[in-house]
Amino acid sequence: MRWLLICILWSSNIAAQSLMPNPPEMSEPSSIAYVVSRTQEFAVSTDKQLHMAGCFMISSVTTSYVYNRTADKRKAILIGFGAGMIAGIAKEVYDLGYGNPELSDILADAIGSSLGAVSITFTF
């Protein structure tokens, strides 16, 4: 069941990549509107959403696995966050030679990894 859910989430993120265009660039970096535009661009960028979703899935699965094995929340959060960030940084290292590396992708990886690691350890 868990693998089915992961596959469904993964395929929906891949499908979203073709549905949502990236917003256009603005040319005046000194204005407040430029900062707001860049923030909105980051939030709606399909590439950043895929980075966040991928790291979220890796981090949440790893955190869940470690927490079930050790029952130590702190250890599970650290290992889950680390696994998500290692995957994100490895992707950017790969992009150095074969793609388009961006520092904002690392930020998206950190957001996804931290959300994945923390959300799994909530107990109700």
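No hydrogens, no waters, no symmetry mates; every other heavy atom, side chains included, goes into these values.
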Practice task
Write down the atom of Gly80, the atom of Ala117, and the distance for their closest heavy-atom approach.
Solution key: C-CB, 4.4 Å
Problem - ILVMFWY cluster, Ile106 and Val93 together (side-chain gap under 4.5 Å) - result: yes
Fill in the blank from the handout: In short, salt bridge (charged side-chain N to carboxylate O under 4.0 Å, His left out) pairs touching residues 82-93 with sequence neighbours left out are Lys91-Asp95
Problem - Partner residues of Ala110 under the side-chain contact (heavy atoms from CB on, under 4.5 Å) criterion, sequence neighbours left out - result: Met85
Handout entry: Residue pairs fulfilling ring-ring contact (aromatic ring centres under 6.0 Å, His included) with at least one residue in residues 69-96, sequence neighbours excluded
Key = Tyr94-Tyr98
Practice task
Output every pair passing salt bridge (charged side-chain N to carboxylate O under 4.0 Å, His left out) with a member in residues 98-108, not counting sequence neighbours, ordered by first then second residue.
Solution key: Lys48-Glu102, Lys48-Asp105
Practice task
Only counting residues at least two apart or in another chain, list the ones meeting side-chain contact (heavy atoms from CB on, under 4.5 Å) with Ile86.
Solution key: none
Practice task
With sequence neighbours excluded, give me every salt bridge (charged side-chain N to carboxylate O under 4.0 Å, His left out) pair touching residues 52-61.
Solution key: none
Exercise for the section: Could you tell me which residues satisfy side-chain hydrogen bond (donor to acceptor under 3.5 Å, both in side chains) with Asp72, sequence neighbours excluded, listed by chain and number? Expected result: none
Practice task
Please name all residues satisfying side-chain contact (heavy atoms from CB on, under 4.5 Å) with Thr62, sequence neighbours left out, ordered by chain then number.
Solution key: Ile58, Val66, Ile79, Ala83
Practice task
Could I get the full list of side-chain contact (heavy atoms from CB on, under 4.5 Å) partners for Ile111, not counting sequence neighbours?
Solution key: Phe42, Met52, Leu107, Leu115
Completion exercise
Here the side chain to side chain donor-acceptor pair (under 3.5 Å) pairs for residues 106-118, sequence neighbours left out, are His51-Asp109
Exercise for the section: Answer yes or no: are there more than 12 heavy-atom neighbours, outside Leu103 itself, under 6.0 Å from its atom CG? Expected result: no
Handout entry: Any donor-acceptor pair under 3.5 Å from Ser60 side chain to Met57 backbone
Key = yes
Handout entry: Pairs satisfying salt bridge (charged side-chain N to carboxylate O under 4.0 Å, His left out), at least one member in residues 55-66, at least two apart
Key = none
